[in-house]
Amino acid sequence: MLKQYLQFKLSQKLSPQQIQLMKLIQLPTQAFEQRIKQELEENPALDTGKEEKDQDNMDEFDNSEDDYNDNEEINTEDINIDEYLSDDDVPDYRTQVSNYSSDDEEKVMPYAAGTSFTQHLTNQLNTFRLNDEEREIAEFLVGSVDESGYIRRALSDIMDDLAFTQNIFTTEEKIEKVLHKVHQLDPAGVGARNLQECLSIQLHRKEKYPDVELACDIIDKAFDQFTKKHYKKLLQKFDITEDQLKDAIEEIERLNPKPGGSYAGNNKMVEHVVPDFAIKIVDGELDLTLNGRNAPELHVSREYSNMMKGYKEAKDKSKSQKDAVMFIKQKLDAAKWFIEAIRQRQQTLFVTMSSIMHYQKEYFLTGDERNLRPMILKDIADEIQMDVSTVSRVANSKYVDTPYGTKLIKEFFSESMTNDQGEEVSTREIKKILETVIEEENKKKPLTDEKLAKILKEKGYPIARRTVAKYREQLDIPVARLRKKI
């Protein structure tokens, strides 16, 4: 038996243009510039920079629009050619806001050129007397050093790789002998297989003062007790005073746990942040500007507009001309929409950041994180009457240059909680107070999470011990035992 059902379904689909706009909004400045470059390469109807304009020709060009009333049909749809004939001016969004000028500050940080870290180490091998086999092993070991300066692979694996890839058949003993030579390279500690070996290599290179010798013994013979800060066990094991232990620990703290990171020519490219906004305090008021690199001078290509004009003026329109004008129309439509999308992107970014700035006015005027108000995405979305997802796209990927440093915008958002006065306060404020309390604690007797919760309660913030632990972990602060100092 057949049954019929009537079902109503309400669905909302985003157009390709809306999807593209959302993607443009999400892009930070550098990625946005790459996207523009890509569009310019793919669409010949889109042009960049200012064109020299002949005013007389422009007047004739504009006046010709009024005389055209040809409604001849083209195979697909009617095309109002006049719409495509005067769009090669600089888009009006360039002049709507006074933020953009030829002297806009370009926040470009060039990458330093130089010798790669691997090459720097390889060059040093020339100072050693090595036979052919040892040199090949040494170069292979240097090639295995990671960006932090460590060799994190087992010698047995390296031995197998030498046999399979370099046709060098050797033993772990020979590899270890060559590795000790690699340990003599600069920076000190490079080629170590773990943190203990890295610190030990650096200490053994120092002059043998008493505190250095004690530091060597601690790292070589009691590394586990040292990392767990079992200071009483160290005092008993080496039969030393607290001052002697303190001096030795200070020597250890001066060492570099990542020797590879100290080399300026490290071949790892560091991504530099380009702020999308800048906030300055001018005469006691906040002044917001959008990075000028977000406002490219794009316009519709004059050449493509002239092609459309030529079609308009042609008396006999052939099939090939009609096909060509359809192609031109598609490219011009894409160019016009891309320019419009950029305008909408600029407006969305500026409106969103402006709302955030005014919402957090007290913070931006003082730089004190305790003045950050509780703020969630919906607060801003409701104020500017946009979707929460749009605000999220701006907040998660954009940076703002403030008098207090460059900040990721999403850092200004935080949940709220109620203090003992019944007032809503930001969780960022509580974290800042927690951080201050820990900074001021007696490092010989660090405060446990339970004691921290009690102190915060006394200050008017009644939060549980587990919440304190969560905030502490979010601040990358270790537990009390690991904060202990002599």
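All values below come from the heavy atoms of this structure, side chains included, with hydrogens, waters and symmetry mates left out.
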Handout entry: Glu147/Lys258 salt bridge by N-O under 4.0 Å criterion
Key = no
Exercise for the section: Only counting residues at least two apart or in another chain, list the ones meeting side-chain hydrogen bond (donor to acceptor under 3.5 Å, both in side chains) with Asp449. Expected result: Arg472
Fill in the blank from the handout: The reported gap from CG in Asn256 to SG in Cys198 (rounded to nearest 0.5 angstrom) is 7.0 Å
Handout entry: Minimum heavy-atom distance Ala215-Ile252, with the two atoms named
Key = CB-CG1, 3.8 Å
Problem - Test side-chain hydrogen bond (donor to acceptor under 3.5 Å, both in side chains) applied to Glu42 - qualifying residues, sequence neighbours left out - result: Gln38
Handout entry: Leu377 versus Ala395, closest heavy-atom pair with distance
Key = CD2-CB, 4.4 Å
Problem - Pairs where residues 182-194 contributes a residue and the test salt bridge (Lys or Arg N to Asp or Glu O under 4.0 Å) is met, not counting sequence neighbours - result: Glu176-Arg193, Asp186-Arg205, Arg193-Glu197
Practice task
Please answer whether the main-chain N or O of Ile463 pairs with a side-chain N or O of Thr467 as donor and acceptor at a distance below 3.5 Å.
Solution key: no
Problem - Backbone N/O of Thr366 and side chain of Tyr404: donor-acceptor pair under 3.5 Å - result: yes
Practice task
Indicate whether any N or O donor in one side chain lies under 3.5 Å from an N or O acceptor in the other, for Glu383 and Ser355.
Solution key: yes
Problem - Glu33 backbone acceptor or donor facing Arg293 side chain under 3.5 Å - result: no
Handout entry: Residue Gln474 excluded, over 12 heavy atoms near CD under 6.0 Å
Key = yes
Handout entry: Asn43 side chain to Glu39 backbone, donor-acceptor under 3.5 Å
Key = no
Practice task
Report yes if some heavy atom in the side chain of Thr406 is under 4.5 Å from a heavy atom in the side chain of Val400; otherwise report no.
Solution key: no
Problem - Distance under 6.0 Å and angle within 45° of ring axis: Arg35 vs Phe32 - result: no
Handout entry: Residues which pass side-chain hydrogen bond (donor to acceptor under 3.5 Å, both in side chains) with Gln225, listed by chain and number, not counting sequence neighbours
Key = none
Practice task
Drop me the distance from Gln360's CD to Phe413's CZ, to the nearest 0.5 angstrom.
Solution key: 8.5 Å
Exercise for the section: Find out whether Lys361 and Glu285 are in side-chain contact, i.e. whether some heavy atom of one side chain is under 4.5 Å from a heavy atom of the other. Expected result: yes
Problem - Set of residues satisfying salt bridge (charged side-chain N to carboxylate O under 4.0 Å, His left out) with respect to Asp476, sequence neighbours excluded - result: none
Exercise for the section: Quick one: closest heavy-atom pair of Pro259 and Pro187, and the distance? Expected result: O-CG, 3.2 Å
Practice task
Indicate yes or no: does Arg153 engage Asp161 in a salt bridge with an N to O separation below 4.0 Å.
Solution key: yes
Completion exercise
Closest non-hydrogen atoms of Val394 and Ile409, given as atom of the first, atom of the second and distance, are O-CD1, 4.3 Å
Practice task
Looking only at non-hydrogen atoms, find the nearest pair between Tyr150 and Pro257 and report the distance.
Solution key: OH-O, 2.5 Å
Exercise for the section: For His230 and Asp224, test the side chains for any donor-to-acceptor distance below 3.5 angstrom and give the result as yes or no. Expected result: no
Handout entry: Any donor-acceptor pair under 3.5 Å from Lys398 side chain to Gln26 backbone
Key = yes
Practice task
Sort and list the pairs that fulfil ring-ring contact (aromatic ring centres under 6.0 Å, His included) and have at least one residue in residues 366-401, not counting sequence neighbours.
Solution key: none
Practice task
Could you check if a side-chain atom of Val145 sits within less than 4.5 angstrom of a side-chain atom of Val190, using non-hydrogen atoms only?
Solution key: yes
Problem - Spacing of CD1 belonging to Ile36 relative to CD belonging to Glu41, to within rounding of 0.5 Å - result: 12.5 Å
Practice task
Could you verify whether a donor N or O on one side chain and an acceptor N or O on the other, from Gln34 and Gln30, lie under 3.5 Å apart?
Solution key: no
Handout entry: Test item: Asn291 side-chain N/O and Pro275 main-chain N/O as donor-acceptor pair under 3.5 Å
Key = yes
Handout entry: Listed partners of Pro403 passing side-chain contact (heavy atoms from CB on, under 4.5 Å), at least two apart
Key = Ile281
Fill in the blank from the handout: Separation between CG (Leu286) and CD1 (Ile279), nearest 0.5 Å, reads 6.5 Å
Exercise for the section: Quick one: do Leu475 and Lys432 satisfy side-chain contact (heavy atoms from CB on, under 4.5 Å)? Show the steps, please. Expected result: CA-CA 9 Å; Leu475 290 168; Lys432 186 64 181 178; over 6 Å; no
Practice task
With the side chain counted from C-beta on, respond yes when Ile433 and Thr436 share a heavy-atom pair under 4.5 Å apart, and no when they do not.
Solution key: no
Handout entry: Gln385, CD: over 12 other non-hydrogen atoms inside 6.0 angstrom
Key = no
Practice task
Measure from the side-chain N and O atoms of Gln196 to the backbone N and O of Ile219, and report whether any donor-acceptor pair falls under 3.5 Å.
Solution key: yes
Problem - Polar contact flag, side-chain donor to acceptor under 3.5 angstrom, Thr29-Asp276 - result: yes
Exercise for the section: Can you sort out the partners of Thr402 under side-chain hydrogen bond (donor to acceptor under 3.5 Å, both in side chains), two or more places apart, ordered by chain and number? Expected result: none
Handout entry: From CG (Leu288) to NE2 (His358), nearest 0.5 Å
Key = 8.5 Å
Exercise for the section: Please indicate whether Lys229 has more than 12 foreign heavy atoms, meaning atoms of other residues, nucleotides or ligands, lying under 6.0 Å from its NZ. Expected result: yes
Exercise for the section: Give a yes or no on whether the backbone of Asp379 and the side-chain of Asp382 come within a donor-acceptor separation of less than 3.5 Å. Expected result: no
Exercise for the section: Please answer whether the main-chain N or O of Leu24 pairs with a side-chain N or O of Arg345 as donor and acceptor at a distance below 3.5 Å. Expected result: yes
Handout entry: Check against side-chain contact (heavy atoms from CB on, under 4.5 Å), Ile158 and Ile151
Key = CA-CA 10 Å; Ile158 292 175; Ile151 294 177; 3.9 Å; yes
Handout entry: CZ/Arg465: more than 12 non-hydrogen atoms of other groups inside 6.0 Å
Key = no
Problem - Any donor-acceptor pair under 3.5 Å from Thr390 side chain to Met386 backbone - result: no
Problem - Which atom of Ile455 lies closest to which atom of Leu447, heavy atoms considered - result: CD1-CD1, 3.6 Å
Problem - Pair Lys470-Arg466, side-chain contact (heavy atoms from CB on, under 4.5 Å): steps then yes or no - result: CA-CA 6 Å; Lys470 182 178 78 171; Arg466 62 180 179 275; over 6 Å; no
Fill in the blank from the handout: For Lys443, the salt bridge (charged side-chain N to carboxylate O under 4.0 Å, His left out) test, sequence neighbours excluded, returns Glu441
Problem - Listed partners of Leu235 passing side-chain contact (heavy atoms from CB on, under 4.5 Å), at least two apart - result: Ile240, Glu242, Leu245
Problem - Residues in side-chain contact (heavy atoms from CB on, under 4.5 Å) contact with Lys23, at least two apart in sequence or another chain - result: Ile19
Problem - From SG (Cys216) to NZ (Lys221), nearest 0.5 Å - result: 10.0 Å
Exercise for the section: Could you check if a side-chain atom of Val391 sits within less than 4.5 angstrom of a side-chain atom of Asp387, using non-hydrogen atoms only? Expected result: no
Practice task
Please indicate whether Lys407 has more than 12 foreign heavy atoms, meaning atoms of other residues, nucleotides or ligands, lying under 6.0 Å from its NZ.
Solution key: yes
Exercise for the section: Taking ring pair (Phe, Tyr, Trp, His ring centres under 6.0 Å) as the test, write out the residues that go with Phe364, two or more places apart. Expected result: Phe412
